[in-house]
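Each ligand, and each atom within it, is numbered from 1 in the order the structure gives. Because only heavy atoms are used, hydrogens play no part in the values below, and waters and symmetry mates are left out as well, while side chains stay in.
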Amino acid sequence: MNSSIALKAENVNKIYRQGNEKIQALKNISFEVRAGEIFGLLGPNGAGKSTFINILAGTVNKTDGHINVWGFDLDKNPRQVKASLGIVPQEINVDPFFSPKNLLEIQAGLYGIKKKDRITKKILELTNLSDKANAYTRNLSGGMKRRLLVAKAMVHQPPILILDEPTAGVDVELRRKLLESVRALNKDGVTIIYTTHYLKEASDICDRIAIINSGELVALNFTKELLKNNSDLEEVFINLTNK
Ligand code: ADP
Ligand code: MG
């Protein structure tokens, strides 16, 4: 695989089965994410964004298709794929009784990272949490907890960071700080895959954008190109998804 490709999805399908009912959440999805870019994965509620991310995370099995992450095949080398990805899930789930610093140290331990190789201080800086390093996590704001999830996802220094709706329910100021952290990580060389339903945010931060609707890829282009013939991303989105 070309070394400048961070992630490649080929003809990925996902069918959920519930009793006799079948829900096709992903329909023959193919796309590539380039190393070093901020790639937006957009789509209305129920489009299949989280399904795709959960397949990468290994919590959902794809029905068929191929996924390659950082040169590793998801089916053949799941451990290497896991090591190449940092994933910030849609739900906030952090232990309230530890400090951010302790949580990151515990996470590093889970990944078997030796004390001398840990980058806890640097991650706290990149996510703007240095002054909260020793605070109780339960006392952090929603936006800070999100950034802590980003920090946690970066402990094993994956080359690719995936964020699933990280700014949902976060106020404007905290959203700005989270985006700052994402940009800082990207400047540091991390490839970002970013899911959001805030279109303004996506057009501000993403180099390229894929739009999925009802499980199908309906657009994939540079943000600039998508905006060329439309006043904003909202218009592109409405035209493509009828929502
Ligand atoms: P998004 O993250 O874009 O909002 P999802 O990937 O969560 O979309 O959902 C895509 C479709 O798959 C939806 O129709 C949703 O109801 C369905 N779905 C998601 N998870 C499951 C599941 N565990 N079992 C059955 N259907 C599911
Ligand atoms: Mg989702």
Side-chain angles (χ1 to χ4, degrees), residues 7-33 38-67 69 74-75 78 81-82 85-94 142-143 145-150 152-153 160-170 174-175 178-179 182 191-203 205-206 208-221 223 226 233-234 236-243:
L7 183 149
K8 183 173 181 162
E10 280 178 294
N11 306 316
V12 174
N13 284 288
K14 173 62 190 178
I15 299 169
Y16 290 107
R17 286 170 215 277
Q18 286 186 323
N20 289 328
E21 216 194 326
K22 286 183 185 176
I23 300 162
Q24 183 148 15
L26 294 175
K27 299 174 187 160
N28 235 29
I29 293 279
S30 300
F31 63 84
E32 290 177 354
V33 177
I38 301 185
F39 184 90
L41 187 61
L42 310 187
N45 254 335
K49 305 179 297 292
S50 291
T51 295
F52 185 76
I53 289 171
N54 293 337
I55 289 171
L56 295 174
T59 56
V60 167
N61 289 319
K62 59 183 162 53
T63 305
D64 55 38
H66 294 280
I67 293 177
V69 178
L74 179 63
D75 299 319
V81 167
K82 190 173 186 234
L85 294 174
I87 298 186
V88 181
Q90 200 169 343
E91 310 80 40
I92 289 188
N93 168 22
V94 281
K145 282 183 189 147
R146 286 276 173 194
R147 295 209 299 282
L148 180 54
L149 285 180
V150 174
K152 220 175 137 191
I160 305 170
L161 176 66
I162 302 182
L163 301 111
D164 194 357
E165 305 253 4
T167 54
V170 171
L174 293 172
R175 209 190 287 173
L178 188 116
L179 290 179
V182 170
T191 302
I192 311 280
I193 300 177
Y194 195 87
T195 288
T196 181
H197 60 260
Y198 295 105
L199 299 176
K200 174 73 172 66
E201 187 175 294
S203 55
I205 195 171
C206 298
R208 291 196 307 145
I209 287 175
I211 300 177
I212 53 175
N213 186 38
S214 306
E216 283 180 274
L217 187 74
V218 292
L220 172 56
N221 212 333
T223 310
L226 286 172
L233 203 56
E234 194 96 33
V236 179
F237 203 73
I238 289 166
N239 289 340
L240 289 167
T241 64
N242 300 313
K243 291 211 173 157

**Prompt:** Are any of the protein's heavy atoms under 4.0 angstrom from atom 16 (O) of ligand 1, yes or no?
**Reply:** no
**Message:** Can a donor-acceptor pair be found, under 3.5 Å and without considering hydrogens, that links the side chain of Thr167 to the backbone of Arg175?
**Reply:** no
**Lys49 (side chain) donor-acceptor with Leu42 (main chain) under 3.5 angstrom** = no
**Item:** Backbone N/O of Glu165 and side chain of Thr195: donor-acceptor pair under 3.5 Å
**Value:** no
**Message:** With side chain to side chain contact (heavy atoms under 4.5 Å, CB included) as the test, pick out the partner of Thr51 among Ile212, Ile23, Leu26, Val12.
**Reply:** Leu26
**Asked** Can you list the atoms of ligand 1 that are under 4.0 Å from a heavy atom of Gln18?
**Response** 24 (N), 25 (C)
**Request:** Run down the list Gly46, Ser50, Gly43 and name the one with the heavy atom closest to atom 13 (C) of ligand 1.
**Result:** Gly46
**Prompt:** Checking Thr59 side chain against Asn54 main chain: does a donor-acceptor pair fall under 3.5 Å?
**Reply:** yes
**Item:** For atom 8 (O) of ligand 1, closest protein heavy-atom neighbour
**Value:** Gly48 N, 3.1 Å
**For atom 24 (N) of ligand 1, the protein heavy atom that lies nearest, with its residue and separation** = Tyr16 CD2, 3.5 Å
**Message:** Using a 4.0 Å cut-off to any heavy atom of Asn45, which atoms of ligand 1 qualify?
**Reply:** 4 (O)
**Fill in**
Taking only non-hydrogen atoms of Thr51 and a 4.0 Å limit, the atoms of ligand 1 in range are 5 (P), 6 (O), 9 (O), 10 (C)
**Asked** Do you see an N/O/S atom of Ser50, backbone or side chain, under 2.8 Å from the Mg ion (ligand 2)?
**Response** yes
**Request:** Please could you name the atoms of ligand 1 that Ala47 approaches to less than 4.0 Å, counting only its heavy atoms?
**Result:** 1 (P), 3 (O), 8 (O)
**Item:** Under 4.0 Å to a heavy atom of Pro44 - the qualifying atoms of ligand 1, by number
**Value:** 3 (O)
**Asked** When the ring planes of Phe39 and Phe31 are compared, do they come out parallel, tilted or perpendicular, using 30° and 60° as the limits?
**Response** parallel
**Item:** Metal check, the Mg ion (ligand 2) vs Thr51 N/O/S, cut-off below 2.8 Å
**Value:** no
**Side-chain donor-acceptor pair present, Ser50, Asp164, cut-off under 3.5 Å** = yes
**Asked** For ligand 1, which atoms have a heavy atom of Ile23 less than 4.0 angstrom away?
**Response** 14 (O), 26 (N)
**Message:** Donor-acceptor pair, distance only, cut-off 3.5 Å: does the side chain of Lys27 make one with the backbone of Ser214?
**Reply:** yes
